[in-house]
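Taking it in order: structure first as structure tokens, then the write-up.
Labels below follow one simple rule: chain letters A, B, ... track the order of the sequence lines, proteins then strands, and each chain is numbered from 1.
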Amino acid sequence: MPNLMSGSQMLLECLMREGVECVFGYPGGVMLPLYDEMYEHPLRHVLVRHEENAAFAASGYAMATGKVGVCMATSGPGATNLVTGLVNALMDSIPIVAITGQVSTKLIGSDAFQEADTFGITRACTKHNYLVKSISDLPRIVHEAFYLASTGRRGPVLIDLPKDVLQAQAHYSPVSAIHLPGYKVYTDGHAGQIRRAAQMIWEAERPFVYAGGGIIASGAHDELRRLVELVDAPAVCTLMGLGGLPSSHPNFISMPGMHGSYAANMGMTNSDLLIALGVRFDDRVTGRLAAFAPHAKVIHVDIDPAEISKNRAADLPIVGDAKRVLQRLIKALEELAPEAASKKAEARRAWWQQIRAWQAEHPLVPEVSSTEIKPQHVMVEIDRISGGEAIICADVGQHQMWAAQFIRFNRPRLWINSGGLGSMGFGLPAAIGAQFACPDKLVFAVIGDGGFQMSIPELATIASNGLPVKIVVVNNGYLGMVRQWQQLFYNNRLCAVTLDCFPKAESLAAAYGFPGRTVDSPADLRPALEQAVSEPGPFLLDIKVSPEENVYPMVPAGGAIHEMILRPPQPVSVPK
Amino acid sequence: MLQTISLLVENKPGALMRITGVLSARGYNIDSLTVARTLDPGLSRMTIVVDVDPQLRQQVIKQMNKLVNVLQAIDLTDQPAVAREMLLMRVRAPMESRTAILKEAEIFGARVVDSSIDGFALELTGEAEKLEEFIDIMRAYGDIDVTRSGMVAVSLEPRKLRLSPPVPKADPVLQDPMRKGA
Ligand SMILES: Cc1ncc(C[n+]2csc(CCOP(=O)(O)OP(=O)(O)O)c2C)c(N)n1
Ligand SMILES: [Mg+2]
């Protein structure tokens with residue numbers, strides 16, 4: 001029979017049908033039937049050095065392309081190692097499918113070797129998960145998993161595959177339809193609501209666009225730009241939405257929130273209409289909710305009905321896909337223009353004057369010094385080389401915030417970072433995924449010395465695949481973001497934040513067979529970055545930056561976003 | 001305040017855990033939970049009574065509706081609905097109090113489902129308050145053992161059930177160049 005297949009073959013067949021090009025994984029006992037099948041299979045398997053990084057690499061791949069990223073791990077420890085990556089993907093709505101091995105169905109529940117209740121453990125870490133009990137369910141489940149991961153609000157889906165299901169044989173017939181009666185995908189948005197939104201927008205005197213990751217996920221960047229220009233409203237992109245509007249766009253006024261720009265936060269606070277697009281009013285954006293945008297009515301467009309009025313009540317909710325809703329909203333706005341537009345023209349002019357004044361009052365200017373390398377200076381130099389076109393994969397910490405503040409993005413899917421979970425160790429494996437997805441693009445991994453040390457094993461993955469990732473360690477000798485909080489809010493009692501041992505970049509990189517360089521003077525910064533980029537393969541740069549730099553502006557936890565700390569406070573004495 | 005949630009769910013492994021997970025992840029304690037098959041053996045009807053922060057009631061319903069296995073989750077707390085609970089009780093009944101116990105049961109409309117020299121097993125259906133009154137009274141007669149079913153509720157208004165139709169699977173996105181390598 002030509003279509004008699006093993007579970008392993010069926011899985012691979014389904015992955016091919018989903019257009020999967022490569023998977024990031026790590027084998028183990030119960031996965032052997034599958035890996036044996038992959039021995040002769042064209043599907044590319046990338047061996048990472050830790051399963052967490054398989055999930056992060058799959059996420060980087062997904063964020064760079066919009067396609068579903070795939071990761072694999074064996075049962076027990078392999079599966080539990082995936083957990084952080086799954087939660088990260090859940091928080092940031094990243095479409096990934098995770099495939100884990102499981103002990104044979106007969107052994108499930110017997111505390112068998114390398115058995116873990118993966119289905120139970122990952123229930124709260126995924127959008128949906130499956131335990132495949134029979135080979136006859138396998139094709140349906142695989143296609144459902146891809147469908148769920150890549151539609152509606154994107155997210156991770158896990159498939160737990162017992163060894164005997166991989167080994168079983170059955171006739172394969174392609175799945176012709178996905179039937180998930182309880183899974184609702186909202187796309188178009190309510191026509192009446194969209195019309196009302198258009199009216200509200202023209203009637204507003206101080207409109208403000210607050211755009212997030214939903215713009216990137218739905219590919220609504222052109223529509224966002226059109227909207228912003230049509231209405232001539234100031235716009236911010238959240239940490240997850242950077243690149244949704246080109247950073248160079250005149251209406252773009254940076255990122256809002258805890259480390260947002262003064263103008264962004266003042267604009268939000270004083271706006272009379274927030275046009276919230278694919279955002280979730282995260283506490284890092286809103287600060288103290290009660291004081292957030294107190295004068296604003298809120299139009300909230302989101303694909304996930306549960307986000308509407310979760311944190312901030314929406315005056316006008318529209319549940320739908322950002323791209324489709326914006327297309328229709330733009331039409332509705334155009335129908336009402338130009339009469340509607342001219343009515344508030346004067347108020348709008350004043351609003352822009354005010355916004356520009358805030359921008360001038362406290363612009364986001366990078367610290368630069370001629371005697372020491374300021375971390376912000378590193379970002380400016382990366383930005384210069386990138387020209388808004390490189391893929392920047394950041395880790396988590398101060399460097400992430402500086403990168404978000406000072407590196408510009410001309411288009412979506414260039415800025416890849418861990419927002420909702422804020423998971424250290426994300427940047428380097430994400431860069432691996434992004435570089436696999438976009439082999440011809442310049443990919444930077446911009447990482448702290450802390451996060452880098454969580455990811456060092458992946459230097460092997462980079463080296464063995466010859467990935468030309470440019471690794472930039474922003475080395476301040478500290479768990480900088482934690483040190484900043486200890487300094488500002490815990491009387492500078494620095495506890496467990498000193499990273500006083502760091503491998504020599506030249507030696508470390510050489511050990512993996514590629515070049516590295518330590519940079520400690522501002523004069524060398526640009527040449528070093530240029531050297532890194534001109535190398536055909538990977539490059540490790542260890543940039544020693546001024547250790548005590550802090551990220552500003554800063555909204556203290558629990559503060560209102562207009563109450564920013566704009567400048568470093570007076571020097572504090574270090575306790576003995 | 002107690003909230004009554006009625007759910008129609010696919011009878012799939014893990015579905016119950018996903019639903020209770022929405023509550024346990026937020027630290028809510030479930031007061032009662034019932035689940036049983038519906039006319040369609042592939043579906044179950046579930047009634048959950050839970051003490052939810054008033055501002056979060058909507059959110060909890062939305063999160064439940066988001067679950068792939070949930071066809072419908074509705075808040076019956078302030079809706080026209082009938083809610084009932086069943087109680088099974090073992091009561092020790094020495095000879096001298098047997099008649100009184102039976103009288104009491106009759107007043108409440110409880111049925112005797114077992115009788116022995118030691119006592120009775122009684123069954124009572126009704127609103128939760130009625131069950132509680134009955135329990136209080138029967139306590140006076142001595143040792144009792146009670147098992148309650150938890151609340152089952154039915155909405156008195158017809159509810160439109162919006163189900164997603166099957167989505168045709170697009171033509172396979174076969175990776176031609178890779179296929180060649182095979
Ligand atoms: C896995 C994980 N553990 C702990 C934290 C808490 N945390 C947030 S930022 C940070 C410091 C990061 O230090 P480093 O990587 O050197 O970056 P820097 O802030 O110095 O730029 C820590 C420990 C985290 N976000 N993720
Ligand atoms: Mg650091």
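- Of the two parts of A:F146, neither the backbone nor the side chain holds a non-hydrogen atom closer than 4.5 Å to a non-hydrogen atom of chain B.
- With chain A as partner, the option from B:L56, B:L71, B:L161 having the largest number of non-hydrogen pairs under 4.5 angstrom is B:L71.
- Contact check for B:E10 versus A:P181: side-chain heavy atoms found under the 4.5 Å cut-off.
- Between chain A and the options B:M17, B:K66, B:K62, B:R18, the largest number of non-hydrogen pairs under 4.5 Å is found for B:R18.
- With a threshold of 4.5 angstrom between heavy atoms, B:V70 approaches chain A through N, CA, C or O but not through any side-chain atom.
- When all heavy atoms of A:H179 and B:P165 are compared, the pair lying nearest together is ND1-C, 4.2 Å.
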* To do: Carefully, step by step, assess B:L67 and A:H128 under the rule side-chain contact (heavy atoms from CB on, under 4.5 Å).
  => CA-CA 8 Å; B:L67 298 171; A:H128 195 65; over 6 Å; no
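- Between chain B and the residues A:A124, A:G152, A:G182, the largest count of heavy-atom pairs under 4.5 Å involves A:G182.
- Both the backbone and the side chain of A:N129 come within less than 4.5 Å of a heavy atom in chain B.
- Within a 6.0 Å sphere centred on CZ of B:R26, heavy atoms belonging to other residues, nucleotides or ligands number more than 12.
- Salt-bridge annotation for B:K169 and A:E18: present, with a side-chain N of the basic residue lying under 4.0 Å from a carboxylate O of the acidic one.
- Considering all non-hydrogen atoms of both residues, A:A306 and B:Q59 come closest at O-OE1, 3.0 Å.
- Remark: B:R90 CZ is loosely packed, at most 12 non-hydrogen atoms of other residues, nucleotides or ligands lying under 6.0 Å away.
- When all heavy atoms are compared, the tightest approach of A:Y183 to B:S164 is O-OG, 2.7 Å.
- Residues A:K184 and B:R162 approach most closely at CE-O, 3.9 Å, considering heavy atoms.
- For A:I308, the parts lying near chain B are the backbone and the side chain together; criterion is any non-hydrogen pair under 4.5 Å.
- Within 6.0 Å of CZ on B:R159 lie more than 12 heavy atoms contributed by other residues, nucleotides or ligands.
- By the 6.0 Å contact criterion, CD on B:E106 is open, its count of non-hydrogen atoms from other residues, nucleotides or ligands being 12 or less.
- Contact annotation: the side chain of B:V68 never approaches that of A:K127 to less than 4.5 Å [non-hydrogen atoms, C-beta and beyond].
- The number of heavy atoms from other shown groups lying within 6.0 Å of NZ (B:K130) is above 12.
- With a 6.0 Å radius and a threshold of 12 heavy atoms from other residues, nucleotides or ligands, A:E115 has its CD atom above the threshold.
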